[in-house]
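Residue numbers start from 1 in every chain, and the chains themselves are labelled A, B, ... in the order their sequence lines are given, proteins ahead of strands.
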Amino acid sequence: MTDIQDKPEGETDAMAKAYSHSDVEARWYDWWEAQGYFTPQRDPNKKPYTIIMPPPNVTGELHMGHALTNAVEDILIRWKRMDGYSALYLPGEDHAGIAGQNVVEKELAKEEISRHDLGREKFLERTWEWMNLYRPRIRYQLRHLGASCDWTRECFTMDPGPVRAVRTVFKHLYDKGLIYKGERIINWCPRCATTLSDLEVIMETEPGFLWTIRYPLSGPDGTADPSHPGIIVATTRPETMLGDTGVAVNPDDPRWKDMIGRTVLLPIMNRPIPVVADSEVELDFGTGAVKVTPGHDPLDFEIGKRHNLPIINLLNLDGTLNENAGPYAGQRVNQARKGVVDRLEREGYLIKVEPHTHNVPHCERCGTVVEPIVSDQWFVSMQPLAGPAIEAVRNGDVRIVPERFTKVYFHWMENIRDWPISRQLWWGHRIPVWYCDNSHRFASDQSPETVTACPECASTQIHQDPDVLDTWFSSGLWPFSTLGWPDKTPDYEYFYPTDVMETGYDILFFWVARMIFQGLENTGQVPFHTVYLHGLVRDEQGKKMSKSVGNVVDPLIMADKYGSDALRMALITNSSPGNDQKFSDGRIEQTAHFANKLWNATRFVLSAAEAPAPRTASAEPPSQPHSLPDRWILSRYSRIVEQTTRMLEEYQLGEAGKMLQEFVWSEFCDWYIEAAKGSLKSDSATQRAETSRIARYVLDGLLRLLHPYMPFLTEELWQNLHGWPSKDDSLASSAKSIMMAQWPTPHSTEDGAERDFTLIMEIIREIRNARADAVRDAPENIKKEMTGRRIEAHIAGGSRTAMLKQEADTLARLARLDPARLTIAAQLSPADRPDKATTLVVGDTEVVLPLAGLVDLDAEKKRLQTEAEQTEAEIERTEALLANEGFIGRAPANVVERERARLASAQERLPKLRERLKE
RNA sequence: GGGUGUGUAGCUCAGUUGGUUAGAGUGUUCGGUUCACAUCCGAAAGGUCAUAGGUUCGAGUCCUAUCAUACCCACCA
C-alpha cells in the first residue's frame, strides 16, 4: 500500500537542520494503520485496555475540545499499548438528534424549503446524505491528529448494531415498567417543535416586568363584586392569565386568610376560579397570591394537580395562541402579552408594573424561548435506576477524575427527575412502540419491517409511534452497543467493561451519568472504571468558543501551522484535569520549538553514533559506564522513567508531559549532551563507543516516553535512530515501530553519580554567573576582551578533589576555563590565591577566579559579606529546626536528613567565606 | 437559594498523602559567530502564593471567614 518503510526520497543520510512537521506527520499514519497496529487482537495472554471514543456529532468540523479529548485518549491508549496491553481505541460518530436535524433543516432553508415540504422519508434521505458527507471529514481530522483508533471497529450511532441495542434496551425498560407514557408538563421549543429535557434548556437572566393584577371577587350572581377588593396577584407573564384556573395563597398568610375557598372572577375571560391554599406559595414574594396556570408553568402544574384545577392549554405547537385564548387566538405570545396588559389596564385591573429581572428558558440548540406545556410524552423512571448508579461511584467501582466531580454527580443523581425521552423529530432512533386499532400498545425489539401484527389481538392495523428518542438515549448505551451488545460477541466478552471514559465535564449529566445507569441496568456491570473529565478550551480572552461568536479556532489549522504533535503536547501540558484553559498560539509555538529541539538532539546523537542503535529495548548499555556524565544521565533517566509511569497511572498527563519536556531540554540537551561531547571526542575508541551507546539508549527511551504525546515526531526520530526500518517481515512489530515498542523500564539509579555531577553543575553555574556579573559591570574595552575568552581558575576540591580532577575537561569546557591555567588541588597554594580574585564557595569546594583587572575589591568584599550573612542565617535556621523536638520527632527521616545535610554544608562554607573576608 | 472552581513572577499557567530559600514558558535586561539546534546557548531582575484569622514542629497546600471572578444546579409566580 505504501513505501513508507523506505527512507523518504530526496533525503540524504543527514537529517535536515530544522524540523519540518508537515513531511513527517504525513508519513506515518497510513503505514501504522496498514501494519494493523491500531487493531488489537483478543489475545488471552494480554490484558485488554479499552477506551471508547466519545462520538463527535456529525454536524460539522471538529473543534479544539475534540482535539484535547482525542489527545488525552490517544496518550492513554498509546501508553497502554506499549505497556503490553491489548489496547482498543474504538472510534465513532453520533447522529446528534436535534442538532443533526437542525443542520439539515438549515441547508433546506437555503433552498427555501422545509422538511415538511420534503416529507419524512425524503428528509431522512437528505440527512443521511449529510452524515455520509461529514463522517469522512471527521475521520480525516482524527487521523490528522494522530488518533490511533481502530477503524475496523468504527461505529455510528445509527448503525444496525446500536439501533438494535436501542430497541432492546427500550423494550427491556418498557416491559419492566421503567419506561412509561404520561401527560406531564414539559419544555417545548416552538422553533424545533419538540420536547426538551431540562438539561437541553438554558436559563438566561433577562430584564422583564412584574405586573400586579387584581382579580375581583365573584359576586353571588357570577359578576364581579364591586364592594370587595378581590385578590391581587403578581406575574411576569400576564398573557398566561388567559389559562388561569385558580389563585393560590399560602395557608399561613394573614393577608389572604379569608379569601381561601372563595371564588374570584378571571378578568377578560370572565371565568370564575377558586382561591386555594398551598404551602408552596412564598409569603414574601410579590403579593403573596399566585395566579395558577397549570397548563404553562411547572409549579402551577403541581399546585393544580393537588387542588384538582383544570388544565387549559393556550398554545399551538408553533408557539401561537390557540382558541382557548379567546380574543387573542392566533397571536404570538409577545403580541398577546401586550394586548392583555392593555386591556387589563383599560378595565382597571392592572395595579402596577415594575421592572423585574427573571430567568427565561431558551432552547439549547436554537435559542428560542421555551414554553412549558402539558403534553403526552415518554419518560424513563429514574428513581430505580439512580440508586445503583450512585452506589457504583460511592463504592469506587467508578472513579471520577478529578474527584470533586463526584459530589456534583451525587447531587444531580440524588435529585434526579424522570427523563423525558420522546422527541418530536424525524432524525433519530424511532420509538419502538406500536399501536393497533383496538387500542393496544406494545414495544418490540425486532426490526420494524418485521413488526406486522399486534401480539394481543393479532390485528395488522398497527402503526409505529412517530416520535424519536432523545439522542442521549443511544449515547448512554455507547460503551457496549459499540462492542456488539446485546449479543455476547467475542469483542464484548473481551473488551467490556471498558477502562476509561474521557470527556468534558460539561456532559457529566447528559452522558456520563446515563452511561453508568444504562450499563448497570443492561449489562450488570459498570461501563468503565474511570471517568476522566477535561476542562473546556476557551479563546484567548477566556470566552467560550462558539460558532456564532466567531472565536472558534480550528484545530486542523493549528496542526498545519505548528504540527499535530505540538498541538497535542500544548493542549495537554497547559492545563490540569477539570480546569478550563485559554487557548493561545504562543503555547503551541513553544511546543513546536520543543519538537525542533528533540529533532536536533537526535541529529546530534546520530552524528556521534558509529552504527544504528539496536531495535529492542533489551540492548542495554554497560551496567558500569565509566564517565560521570554517562552514569549521571542513566540515573536521572531511570528516575524519569519511574516518575513518568507513576504520573500516567495517576492520570497526571500534563505534569508528566511537562516533566519530560523539561528533562529533555535541560538535563539531556543542555547538560548531558554538552558534557558528553568530551568523551565523544575522547582518544579512547571504547570510551567514544560507550558514551555514544548510552546517549542512544537514553534518547531511545525518551522518545518512547514521549511517543504517546508526540506520535509522529517520535516515530520519525526513532526510525532514524535505528537506521530506518527494513522491509524484513520477520521483524517483530515491536522492533518495527516505536508505537509497538516496549514501554521503558528504569535502568538503575546511582546516588553518588548524581551527587557528583550536581556539584559539577553547581560549580559551572557559579563560574558562569560570576563571569557574567564581572563582564556586566566592566567598561566596554574590557568587556570585549573578556568575551569568549577562556579564563584562569583554581579549585580547592577538599574531599572531592579526585572526582573534580577527573572531570576537569567537563568543567573547563562548560565553564569556559583555560585548561592550561586550571588547577585543582585539595588545598590551594597562596600563589593560586591572588589578591584580586573572586572566590566562590560551592559546597565544600572553593573556586578562585583571578579575573584580571576586573575585580573590584570592595565589591568582592561586599559580595562575600552578603554570602556569609546568608550562610549564617541558614545555619541559624537549620539549627533551630534541628533543635526542635517536634520536628525531629515527627518529620519524616529523609526530611530531617536533608536539613542535617544543609546545616553541615553551611557550616563548611562559613569558615571559608570568613577566611576570604579577613584577607 | 444551593453547590463547585479560580485568585501564585509584567503576561499565560503548573505545583496530588503539608516538608529545603515556591517553579515553567513567555516578556524584560545583559552577554554569546563553541563543529545538534539562533525554532539556539549562558546569565540576571521579577513573587508578603487575594485578604484576615486558625490548626501544625512546619501551610501555596488543611480549616474558618471575607473580597474578587467564573461556572453548575434549582427557578420566586
Side-chain angles (χ1 to χ4, degrees), chain A residues 15 17-19 198-199 203 210 233-237 240 248 280-282 284-287 289-293 297-300 303 356 358-359 361 402-405 407-408 411-412 415 505-506 508-509 535-536 540 542 544 573-576 578-582 584 586-587 589-608 647 650-652 654-655 658 661-662 669-670 673-674 677 764-765 768-773 775-776 783 786-788 813-814 816 870 873-874 877-878 880-881 884-892 894-896 898-899 901-902:
Chain A
M15 292 163 66
K17 193 171 170 185
Y19 173 54
D198 288 348
L199 289 175
M203 286 293 185
L210 190 65
V233 298
T235 182
T236 53
R237 300 196 54 189
T240 63
E280 284 286 310
V281 179
E282 299 287 334
D284 53 4
F285 185 85
T287 62
V290 186
K291 55 188 276 308
V292 181
T293 321
D297 182 278
L299 182 65
D300 292 6
I303 295 175
H356 178 71
H358 60 145
N359 292 331
E403 201 248 334
R404 67 170 187 271
F405 285 102
K407 202 171 172 182
V408 183
H411 183 261
W412 190 73
N415 297 287
Y505 65 76
D506 52 330
L508 178 62
F509 307 139
L536 273 39
E540 226 154 330
K544 206 167 171 173
T573 56
N574 284 310
S575 68
S576 47
N579 289 332
D580 296 354
Q581 64 175 303
K582 290 180 200 163
S584 79
R587 292 153 173 242
E589 200 180 352
Q590 194 269 319
T591 29
H593 292 175
F594 173 68
N596 185 61
K597 188 74 186 175
L598 195 59
W599 173 269
N600 275 292
T602 305
R603 277 181 70 209
F604 176 80
V605 170
L606 265 180
S607 73
M647 283 175 163
E650 290 166 6
Y651 298 97
Q652 293 181 250
E655 280 298 288
K658 260 197 293 205
Q661 208 170 313
E662 260 178 64
C669 291
D670 293 343
I673 287 184
E674 292 308 322
K677 282 175 182 172
I764 291 166
R765 273 198 210 102
R768 285 168 173 172
N769 184 347
R771 181 145 133 166
D773 274 352
V775 171
R776 197 189 331 276
K783 207 181 264 186
M786 285 301 298
T787 294
R813 271 185 310 109
L814 301 195
R816 300 206 46 76
Q870 281 169 350
E874 174 86 19
R877 192 189 65 82
T878 41
L881 196 55
N884 184 328
E885 277 176 38
F887 177 74
I888 298 294
R890 287 178 232 189
N894 63 323
V895 176
V896 176
R898 208 157 47 198
E899 290 302 326
R902 272 178 72 72

Practice item. May I ask you to say what A:Gln652 touches in the nucleic acid, namely base, sugar-phosphate or nothing, with a heavy-atom cut-off under 4.0 Å? Key: base
Practice item. Rounded to whole angstrom, note down the C1' distance from B:U6 over to B:G15. Key: 15 Å
Study note, to complete from the structure: A:Arg765 CZ to B:G42 P, in whole Å, measures 10 Å
Return the polar atom pairs (N/O with N/O) between nucleotides 33-37 of chain B and the protein under 3.5 Å, or none.
from: B:A36; atom 1: OP1; to: A:Lys677; atom 2: NZ; distance (Å): 3.4
from: B:A36; atom 1: O2'; to: A:Asn600; atom 2: OD1; distance (Å): 2.6
from: B:A36; atom 1: O2'; to: A:Arg603; atom 2: NH1; distance (Å): 2.9
from: B:A36; atom 1: N7; to: A:Lys677; atom 2: NZ; distance (Å): 3.4
from: B:A36; atom 1: N6; to: A:Cys669; atom 2: O; distance (Å): 3.3
from: B:A36; atom 1: N6; to: A:Glu674; atom 2: OE2; distance (Å): 3.0
from: B:A36; atom 1: N3; to: A:Asn600; atom 2: O; distance (Å): 3.1
from: B:A36; atom 1: N3; to: A:Ala601; atom 2: N; distance (Å): 3.4
from: B:C37; atom 1: O4'; to: A:Asn600; atom 2: OD1; distance (Å): 3.0
from: B:C37; atom 1: O4'; to: A:Asn600; atom 2: ND2; distance (Å): 3.4
from: B:C37; atom 1: O2'; to: A:Asn596; atom 2: ND2; distance (Å): 3.2
from: B:C37; atom 1: O2; to: A:Lys597; atom 2: NZ; distance (Å): 2.9
from: B:C37; atom 1: N3; to: A:Lys597; atom 2: NZ; distance (Å): 2.9

**Study point:** Pairwise C1' distance, B:A38 and B:U34 [rounded to whole Å]
**Key:** 14 Å
**Study point:** Set of side-chain hydrogen bond (donor to acceptor under 3.5 Å, both in side chains) partners for A:Asn359, sequence neighbours left out
**Key:** A:Thr205
**Study point:** Nearest-angstrom distance, C1' atom, B:C13 to B:G7
**Key:** 12 Å
Practice item. Apply side chain to side chain contact (heavy atoms under 4.5 Å, CB included) to A:Leu508 and list each qualifying residue two or more places apart in sequence or on a separate chain. Key: A:Phe405, A:Val408, A:Tyr409, A:Val512, A:Leu533
Exercise for review: Output all residues satisfying ring-ring contact (aromatic ring centres under 6.0 Å, His included) with A:Phe509, sequence neighbours left out; order by chain, then residue number.
Suggested key: A:Trp412
**Study point:** Partners passing side-chain hydrogen bond (donor to acceptor under 3.5 Å, both in side chains) against A:Arg603 (at least two apart in sequence or in another chain)
**Key:** A:Asn600
Revision key, fill the gap. Rounded to whole Å, the NZ-C1' distance (A:Lys582 to B:C11) equals 10 Å
**Study point:** Nearest-nucleotide pick for A:Asn579, side chain only, options being B:C13, B:U6, B:A43
**Key:** B:U6
Review point. In whole Å, what separates the C1' atom of B:U61 from that of B:G1?
Key: 31 Å
**Study point:** C1' gap between B:G23 and B:U8, integer Å
**Key:** 10 Å
**Study point:** Spacing of the C1' atoms in B:U29 and B:A9 (rounded, Å)
**Key:** 15 Å
Check your understanding: Taking the same atom, P, in B:G46 and in B:A24, what whole-Å distance lies between them?
Key -> 15 Å
Check your understanding: Under the 3.5 angstrom rule, does the side chain of A:Asn415 hit a backbone N or O of A:His411 as a donor-acceptor pair?
Key -> yes
Practice item. Whole angstrom is fine here: how far is it from OH in A:Tyr19 over to P in B:A38? Key: 17 Å
Review point. With sequence neighbours left out, what residues match A:Phe594 under ring-ring contact (aromatic ring centres under 6.0 Å, His included)?
Key: none
Point to revise | Identified stems (criterion: three or more consecutive Watson-Crick or G-U pairs, under 3.5 Å), RNA chain B | key: B:1-7 with B:67-73, B:10-13 with B:23-26, B:28-32 with B:40-44, B:50-54 with B:62-66
Point to revise | With A:Ala592 via side chain to side chain contact (heavy atoms under 4.5 Å, CB included) - residues at least two apart | key: A:Tyr562, A:Ala566
Exercise for review: Look only at the side chain of A:Arg890 and the backbone of A:Glu885, and say whether a donor-acceptor pair between them is shorter than 3.5 Å.
Suggested key: no
Review point. Are A:Lys582 and A:Ser584 linked by a side-chain donor-acceptor pair shorter than 3.5 Å?
Key: no
Practice item. For the pair A:Glu899 and A:Arg877, find out whether any cationic side-chain nitrogen is under 4.0 Å from an anionic carboxylate oxygen. Key: yes
Check your understanding: More 5' along RNA chain B: A:Ile888 or A:Ala592, using each one's nearest nucleotide?
Key -> A:Ala592
Exercise for review: Could you list the residues that satisfy side-chain hydrogen bond (donor to acceptor under 3.5 Å, both in side chains) with A:Lys677, not counting sequence neighbours?
Suggested key: A:Glu674
**Study point:** Where protein sits on nucleotides 69-77 of chain B, one letter per nucleotide: B base, S sugar-phosphate only, - none, heavy atoms under 4.0 Å
**Key:** ---SSBBBB
Exercise for review: Determine whether the side chains of A:Asn579 and A:Tyr505 contain a donor N or O and an acceptor N or O closer than 3.5 Å.
Suggested key: no
Exercise for review: Check whether the ring centres of A:His358 and A:Phe285 lie less than 6.0 Å apart, and answer yes or no.
Suggested key: no
Exercise for review: Let me have a per-nucleotide readout for nucleotides 18-26 of chain B, 5' to 3', with B, S or -, counting only protein heavy atoms under 4.0 Å.
Suggested key: -BBB--SS-
Practice item. Using atom CG of A:Asn574 as one end and atom C1' of B:C11 as the other, report the distance to the nearest whole Å. Key: 13 Å
Practice item. Report the distance from atom NZ of A:Lys407 to atom P of B:G2, rounded to the nearest whole Å. Key: 13 Å
Exercise for review: Please measure how far the C1' atom in B:U20 lies from the corresponding atom in B:A59, and state the result in whole Å.
Suggested key: 15 Å
Point to revise | Residues forming a side-chain hydrogen bond (donor to acceptor under 3.5 Å, both in side chains) with A:Asp773, sequence neighbours excluded | key: A:Arg776
Review point. Does A:Asp580 use its side chain to pair, donor to acceptor, with the backbone of A:Gly535 at less than 3.5 Å?
Key: no
